[in-house]
Amino acid sequence: MKPVYFKRFDFDVTSSGQSVSKDFELEKDVVIITGLLLTANADDQLYFRGSQRISLNGTELFPEGYESKLLMSGLGVAPNNRYYSIGRLQTINGKLRIEYQDTDITALPFAAYRVSVYVRGLKKELA
């Protein structure tokens, strides 16, 4: 059966070099997550300037400094293939933590942007 849980979490980056730490909570009936995807309302800002650490329930999924461009997907990718596959991770208490870092680069002037983290998973009745 295909995943039936898709959730988007957003945060804003409002200044150059800003660090953002956000905790997000998955719904209680979500027991497994299978993929992640990053997008932004200004993809070039996310692609060239962004990196992060992502953890689930305190377990590191992506280490500090993991480049955002490695978790993004382009228009040439089929919709069913856009998520970064992370296997079948049990959510336990469903706490997703993002520690995001905007890095100042001279090649791309800063403009405020919104980062969206998409989570794909399974609800209890389908796991």
Taking [X] for the side chain and [Y] for the main chain, is one N or O donor matched with an acceptor at less than 3.5 Å?
X     : Y      : answer
Gln90 : Ile33  : no
Asn41 : Arg114 : yes
Thr91 : Val30  : yes

Check your understanding: Salt-bridged, Arg49 to Asp102, with N to O below 4.0 Å?
Key ->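 Asp102 and Arg49: salt-bridged.
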Rounded to the nearest 0.5 Å, what separation is found between the [atom1] atom of [X] and the [atom2] atom of [Y]?
X      : Y      : atom1 : atom2 : answer
Leu56  : Ile92  : CG    : CD1   : 7.0 Å
Ile98  : Leu38  : CD1   : CG    : 7.0 Å
Lys123 : Asp29  : NZ    : CG    : 4.5 Å
Gln101 : Thr103 : CD    : OG1   : 5.0 Å

Exercise for review: Mark yes when over 12 heavy atoms from residues, nucleotides or ligands other than Lys22 sit less than 6.0 Å from its NZ; otherwise mark no.
Suggested key: no
Review point. Got a sec: does the CD of Glu64 have more than 12 other heavy atoms crowding it under 6.0 Å?
Key: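 No - once you tally the heavy atoms of other residues, nucleotides and ligands closer than 6.0 Å, there are 12 at most.
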Point to revise | Contact check, side chains of Leu37 and Phe6, non-hydrogen atoms, under 4.5 Å | key: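 No - every pair of side-chain heavy atoms lies 4.5 Å or more apart.
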Check your understanding: Do the non-hydrogen side-chain atoms of Lys95 and Glu25 ever get within less than 4.5 Å of each other?
Key ->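 Heavy-atom side-chain distance check passes, below 4.5 Å.
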Point to revise | For Glu60, side-chain hydrogen bond (donor to acceptor under 3.5 Å, both in side chains) partners two or more places apart | key: Arg53
Practice item. Please lay out, stage by stage, how Gln45 and Val13 fare under the test side-chain contact (heavy atoms from CB on, under 4.5 Å). Key: CA-CA 10 Å; Gln45 296 288 321; Val13 181; over 6 Å; no
Point to revise | Result of checking Leu61, Thr34, Ile32 against Leu89 for side-chain contact (heavy atoms from CB on, under 4.5 Å) | key: Leu61
Examine [X] and [Y] and state if one hydrophobic cluster contains both, with Ile, Leu, Val, Met, Phe, Trp and Tyr joined whenever side-chain heavy atoms are less than 4.5 Å apart.
X      : Y      : value
Met72  : Val77  : no
Leu46  : Leu108 : yes
Val115 : Ile105 : yes

Review point. For Leu26 and Phe9, what are the C-alpha separation, side-chain angles and deciding distance, and is it a side-chain contact (heavy atoms from CB on, under 4.5 Å)?
Key: CA-CA 10 Å; Leu26 305 174; Phe9 301 104; 3.8 Å; yes
**Study point:** Modelled atom types, side-chain donor and acceptor of Arg97 and Ser55, under 3.5 Å
**Key:**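 The answer is no; no qualifying pair exists.
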Point to revise | Pair Ser68-Gln52, side-chain donor/acceptor within less than 3.5 Å | key: yes
Practice item. Would you please test Val119 and Tyr5 for side-chain contact (heavy atoms from CB on, under 4.5 Å) and show each step? Key: CA-CA 8 Å; Val119 176; Tyr5 176 76; 4.3 Å; yes
Practice item. Determine, step by step, whether Ile54 and Tyr66 satisfy the side-chain contact (heavy atoms from CB on, under 4.5 Å) criterion, reporting the C-alpha distance in whole Å, the side-chain angles of both residues, the deciding distance to 0.1 Å, and the verdict. Key: CA-CA 9 Å; Ile54 301 176; Tyr66 199 86; over 6 Å; no
Point to revise | Whether Tyr113 and Tyr100 hold their rings parallel, tilted or perpendicular, with breakpoints at 30° and 60° | key: perpendicular
